[in-house]
Protein chains: 2
Amino acid sequence: MSKNVTVRDHIVDKKIVDVAKLAGVSAATVSRVLNESSLVSEKTKIKVLKAIEEMDYHPNAAAKHLRSQRTMTLGIIVPDINVSYFSEIIKGIENKAYAHKYKVLICDSDNQIEKEMEYLDLLPDRTVDGMILVTPRVSDDTIQEYVKKGYVIGVVGRAVVHEDILSCKTDNVKFSNEAVRHLVEQGHQQIAYIGGYSDSLENYERMEGYMKALKEGKIPFLPSLIDNGDFEETGGYQAFCRLLERNQSFTAVYAANDEMALGVYRACRERGIRIPEDMAVVGVDNNRITEYLLPALSTVEQPKYEMGSQLTEKLIAQMSGNEQNMQKKHVIESTLIIRESSSYKRD
Amino acid sequence: MSKNVTVRDHIVDKKIVDVAKLAGVSAATVSRVLNESSLVSEKTKIKVLKAIEEMDYHPNAAAKHLRSQRTMTLGIIVPDINVSYFSEIIKGIENKAYAHKYKVLICDSDNQIEKEMEYLDLLPDRTVDGMILVTPRVSDDTIQEYVKKGYVIGVVGRAVVHEDILSCKTDNVKFSNEAVRHLVEQGHQQIAYIGGYSDSLENYERMEGYMKALKEGKIPFLPSLIDNGDFEETGGYQAFCRLLERNQSFTAVYAANDEMALGVYRACRERGIRIPEDMAVVGVDNNRITEYLLPALSTVEQPKYEMGSQLTEKLIAQMSGNEQNMQKKHVIESTLIIRESSSYKRD
DNA sequence: ATGAAAGCGCTAACAC
DNA sequence: GTGTTAGCGCTTTCAT
């Protein structure tokens, strides 16, 4: 008693029976009013509503959750909420969830797979009804394993090889092809590629688009023009420096995201390499920062908000049992935005 | 039956009694092991742990919450998760919460006070044990009202006039004074101020710091050099344009946040006004973007992560009943960062 | 050290 | 249309 005193102890919550007594009905009737069941007469409904109002009654969520076996809560696992790519996706998820009366639990993993695995336990815990992964770290097999057990999982910004797992992403091959083709059209013959995590499906696909564009431009593929970062500024910086050190000249870089392109900018500034005159740069994501850079960064718009929103719509539909012939692997359009960093034509 | 079929129906969750049976003990004993009660013999403890492992048992969160009257969940209300000022604070909150085994529910209000009031109901709902407000919209009186009822609320980036309400912020008067004094020292005699919401306490304080610096520099205060935005880029742009139209010349602007300073940049670029030669600019927040601007923006660092983290620490302490003479209104240091946008000395 | 039993606040099946 | 009752899965006296 004396040890577990918390602030909460001051509050005496009203219960449904208290409302029932005040309204002169049974708890069941109050519950019916609360849940908008039609089998209540207008007269008692008004009585009950008045009592609820009067007492400032709020139904206890935990009791509801226990009884109904659902929490109306979605979890989101992200590597870093502070990266705008992720926060825009989260915003899309949150807004759609709100529209369907779902709450959103945010799980920032700080880029640690251990934390992500831990957060995944919120599913068997029944803390959340479903989980959205916006991380490349949790493996396809792990996801598949949870889904096979019956848990609801959706994925944003990537796909999962197994069938029947909800995902929403863009077409990596297509937009990478477009981005690199644009560089080729600007007259570049040696184009470097800075990828993200080297072993991810997304990376293979972006590489594929890159190679396809080279082929179309009849440009030989040089493995020495390929390096990988980790999707962060520093990783991009380091990868670009390694590329320079190889003494394989190049006049353009395609970076797998804007953060890494930022690293390229820094390296160029340090070495007096002019963008776009000496080095053209194209990124991916269309982070807000890209517009403010000098020169403004050419990039591939990723409809982040839309990806989050659309996946959430489908996830909620699935949880409601409306999954008749629903497309599980959703691919959304992305478009190349040409700005100053690649607008210098070579001959 | 046929209407309410959801994916969840496939899953048959294990209950504590199932584990009890397998281990050959009672449910109470399993519960004791789970809650690390000391009154269990080592031998049975091992038996139980083995059974839990074997069944892959996960305690049901809702049942726990109902029984224990706490959800180990914190809510955060923010106007826009996609603004880095907020997402950094959220990150600080999340990390601290995680360290104390709390979960975090994110409530993005899209800048709407109605949504914020709605989210506040998660407190009487008992969906969350406490709520953190990172928004200027919910009034001091409303906050006070909830706290008086016994609900746990903390505030970040502002303070509440009433006593005994947890808050963590920086010293607006002090850093504004420092920022403007810096401009005075650079030789500026006409310095404009673009505030945030004109009627907020924070705005008064920043204005106070501004006026104090003018006084110290023996510079007359001109009301026509004051305007207000809404803390967003567009608001800053518009306020700056209005200032220009007044035909009251000025050579420097102090903007109440970096977003609005960004609007100043845009307006200057459109009109061929050079920063810092024709116009010095200082912002507030030290958003990441400020480093990448050309010229790099001088700004006041707000320890956003720290503010979120420290407030959360106190909030959790309070919920645990450890509030013996705890300082409720916490003020944290902020420092002026001088970059290129204000580094041009006038004579 | 362990078990039996009550109860957290709600909803839904069944009875009237 | 409304009330009675059982039970969701857990923790915590109380008894042994």
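Every chain is numbered from 1, with letters handed out A, B, ... down the list of sequences. All values below were derived from every heavy atom in this structure, side-chain atoms included, with hydrogens, water molecules and symmetry-related copies excluded.
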Colleague: Summarise how protein sits on nucleotides 8-16 of chain D as a single string, 5' to 3': B when a protein heavy atom is under 4.0 Å from the base, S for sugar-phosphate-only contact, - for no contact.
Modeller: BBBBBB---
Colleague: Of all heavy-atom pairs between B/Asp129 and B/Thr71, which one has the smallest distance, and what is that distance?
Modeller: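 Heavy atoms only, the tightest pair is OD1-N, 2.9 Å.
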Colleague: Can the positive tip of B/Lys304 be found less than 6.0 Å from the middle of the six-membered ring of B/Tyr85, inside 45° of the ring normal?
Modeller: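 No - B/Lys304 does not lie over the ring of B/Tyr85 by the 6.0 Å and 45° rule.
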Colleague: Walk along DNA chain C from 5' to 3' and tell me the first and last nucleotide with an atom closer than 4.0 Å to a non-hydrogen atom of chain B.
Modeller: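 For DNA chain C, the relevant span reads C/dA1 to C/dG9.
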Colleague: Judged by modelled atom types alone, do B/Ser309 and B/Thr312 share a side-chain donor-acceptor pair under 3.5 Å?
Modeller: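 No donor-acceptor contact under 3.5 Å links the two side chains.
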Colleague: Specify the closest pair of heavy atoms between A/Gln327 and A/Lys314, including all atoms of both residues, with the distance to one decimal.
Modeller: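 Answer, listing the atom of A/Gln327 first, then A/Lys314: O-NZ, 2.8 Å.
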Colleague: Could you tabulate the donor-acceptor pairs under 3.5 Å formed by side-chain atoms of residues 50-59 of chain A, not counting sequence neighbours?
Modeller:
| residue | atom | partner | partner atom | Å |
| --- | --- | --- | --- | --- |
| A/Asp56 | OD1 | A/His58 | NE2 | 3.3 |

Colleague: On the ring face of B/Tyr146, is B/Lys149 found with NZ or CZ under 6.0 Å from the centre and within 45° of the axis?
Modeller: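 Geometry flag: set, cation within 6.0 Å and 45°.
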Colleague: Which residue, A/Val138, A/Leu105, A/Leu133, forms the side chain to side chain contact (heavy atoms under 4.5 Å, CB included) with A/Ile77?
Modeller: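 Result: among A/Val138, A/Leu105, A/Leu133, A/Leu133 is the only option passing the side chain to side chain contact (heavy atoms under 4.5 Å, CB included) with A/Ile77.
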